[in-house]
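Following: one structure in structure tokens, then a few remarks.
Throughout, protein chains are lettered first and strands after them, A, B, ... in sequence-line order, and every chain is numbered starting at 1. For clarity, every value in this text was computed on a predicted model and none was experimentally measured.
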There are 2 protein chains.
Amino acid sequence: MPAAPPEWSDLRVFLAIARARSLGGAGRRLGQSQPTMGRRLRALEEAVGAKLFQRSSSGFSLTDEGEIMLRHAEVMEAEALALARELTGRDGSLEGVLRLTCSDWFGRIMLAPVIAEFQRLSPAVVVELLTDARIYSLARREADLVIRIASFDEPEVIARRLVTIGYGLYAKPGCWLPVAGDGAGCPLVVMDTGFGAMPDVAWLTRTFPKAHIAARSNNRDVQAQLCALGVGLAVLPIPLGDATAGIEKVELVSDPPSRDNWLGFHRDLRQLPRLRAFVDLLVARLSSR
Amino acid sequence: MPAAPPEWSDLRVFLAIARARSLGGAGRRLGQSQPTMGRRLRALEEAVGAKLFQRSSSGFSLTDEGEIMLRHAEVMEAEALALARELTGRDGSLEGVLRLTCSDWFGRIMLAPVIAEFQRLSPAVVVELLTDARIYSLARREADLVIRIASFDEPEVIARRLVTIGYGLYAKPGCWLPVAGDGAGCPLVVMDTGFGAMPDVAWLTRTFPKAHIAARSNNRDVQAQLCALGVGLAVLPIPLGDATAGIEKVELVSDPPSRDNWLGFHRDLRQLPRLRAFVDLLVARLSSR
DNA sequence: CATTACTCATTCATTTTTGAATGGATGCCT
DNA sequence: AGGCATCCATTCAAAAATGAATGAGTAATG
């Protein structure tokens, strides 16, 4: 039962398998095939002289030796990622890919004009905008720049308040005229429950305790669309509501709470010219509003 | 100038090249060929989009990017080594390879009998004894067990005093009869200068200030042999001197200082049965003397 | 119970990687 | 200056790794 030094690239394969809990899934993530993953894993297990996964009908699960390997492989991966970041951080040219993530409506309404302008200013930079509910990892470089409502805890992330977004209650004109403090008979379009307690939802239920929920979505664009189609009232970011045809802001004594939007990127990329240039433009165009 | 995530196995190649400062040397160390090393390095440089080495006539030297990569690759290597150690440390069987290093004479005179006995007791363990002047790294697992005169500083090494070795002055019978405090006309065989100030050399020059040095060697066995061939007097470990035919210990008012020999192994291997078994036998056979 | 959508293992043709051999350049020692 | 060793780049045949296809097993779904 010898424990020969494992091939480093096989450790990456191991990591992918441990995360995907399947050979096919790991292969997809690594851009390789399922048979290859199986063979590399077998080779790795033979090299270290121990089974790393328990093959059960419900996928692969780590053995004790696999747990040990996972811990160390994760440290190695963190180091490899730090290396990649530090090297791209040194790239002095205004070219390459810049990957951003934010919420759907924010990307469409707020970011798209800035991206278009940036594209004219720096044609060699390819901006890649991903709108997705899941949180992208700056450490893993799943994204270079994240814009979101919550601030950032991680010390390695440079965060900055970008813009405060006001929220308002929107309705299809002539449909309902809700009364603050009541709201009986008013249908509401609200955030998906998966998102937990959002301030605007709390404000809604407090302001219109007798209203009922007509639809939910995790997508603000969808909410706005539903509102325009007459499904119900919706609390929307004001830039989105104003940009949506067919709905109007309902003026009330109190508006929903506004929210700060933050941007964040990894320390190691703070010298990256294309990132700096984009952030500068972003701040110039959005902070003033 | 994109900085794609580098292939992990290429990072190992990079490390070897950075250390050997040549493609051929790196290939030898990794058990691969020189063209392969060149191609892998080229692929790595293309992947990260930066030259990693400055090719000069006097070998490869690291660029700034190379220095960055070296730092991170070394962290990854340390982690891979820790992984390998932790996995072998879990190997519960009394089989496999056990790699030891010590000084030449100590291996021949002191260890060989113990190894022979251990081989009879545990035939499935292959003991590998390397006698070499250079210091083997326990962290890199160049050796599982080190025996040497100096103790160990590293916190991850488990050290233990094994045996105290007395030293004596040896001579070919009838050749010289040195007088303590003088020693005029007496030729000496001493340790190589590369080893710096050794206590027995200091003792020699203090006891026989007028003696002259006839030969040097970094190898105690060679010193004993030279002494037996009549080249000169030598301070030798008593077990070695007594075991060498043709020389006798010269009795003096004061003997050279004796020295403690220490053994050390890595924490991660402390549960390794074959190591425990060998250390136990070693202590039983040598500590009593 | 059949269907569908997953798994993973095996096979085999193809692609990629590898190393021995060779040539040329450079430094070192006699 | 000649001889010798060592370095790297290139070539090309052999070896190794790969992926599409296939089969078989399992769990969820209708």
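Atom-to-atom, CG of B/L23 to P of C/dA25 comes out at 18 Å; the value is rounded to the nearest Å. Rounded to an integer number of Å, the gap from CZ of A/R21 to P of C/dC8 is 12 Å. Remark: C1' of C/dT7 and CE of A/M37 are 15 Å apart, rounded to the nearest angstrom. Residue B/Q34 contributes atom CD, which lies 11 Å from atom C1' of C/dA20 at whole-angstrom precision.
Applying the ring-ring contact (aromatic ring centres under 6.0 Å, His included) test to every pair with at least one member in residues 37-66 of chain A, sequence neighbours left out, gives these pairs: A/F14-A/F53, A/F53-A/F60. Within the structure, salt bridge (charged side-chain N to carboxylate O under 4.0 Å, His left out) contacts touching residues 76-87 of chain B (residues at least two apart or in different chains) are A/R71-B/E86, B/R19-B/E77, B/R85-B/D268.
Expressed to the nearest 0.5 Å, how far CG of A/L81 lies from CG of A/L138 amounts to 12.0 Å.
Between B/R220 and B/D104 there is no salt bridge, since no side-chain nitrogen of the basic residue lies less than 4.0 Å from a carboxylate oxygen of the acidic one.
Cation-pi geometry between B/R148 and B/F152 is satisfied (NZ or CZ under 6.0 Å from the ring centre, within 45° of the ring normal).
Partner of A/E45 under the salt bridge (Lys or Arg N to Asp or Glu O under 4.0 Å) criterion, out of A/R55, A/R39, A/R40: A/R55 alone.
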Close N/O contacts between protein and nucleotides 3-5 of chain C (under 3.5 Å):
none

Expected rows: protein N/O vs nucleotides 11-18 of chain C N/O, under 3.5 Å:
from   : atom 1 : to    : atom 2 : distance (Å)
C/dT18 : OP1    : B/R40 : NH1    : 2.8

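Backbone-only contact: A/F60 has heavy atoms under 4.0 Å from sugar-phosphate atoms and none from a base. A/G24 comes within 4.0 angstrom of sugar-phosphate atoms only, judged by non-hydrogen atoms across all strands, and of no base.
At least one side-chain heavy atom of A/R108 sits under 4.5 Å from a side-chain heavy atom of A/D221. With contacts defined as side-chain heavy-atom distances shorter than 4.5 Å, the pair B/L70/B/I68 does not qualify.
A donor-acceptor pair shorter than 3.5 Å can be found between the side chains of B/D91 and B/S93.
Taking 4.0 Å as the cutoff to heavy atoms of chain A, we find the contact window on DNA chain D bounded by D/dT18 to D/dA27.
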Kindly determine whether B/T131 and B/T101 satisfy side chain to side chain contact (heavy atoms under 4.5 Å, CB included), including the steps that lead there. CA-CA 5 Å; B/T131 70; B/T101 80; over 6 Å; no
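Partners of A/E128 under the side chain to side chain donor-acceptor pair (under 3.5 Å) rule, at least two apart in sequence or in another chain, are A/R99.
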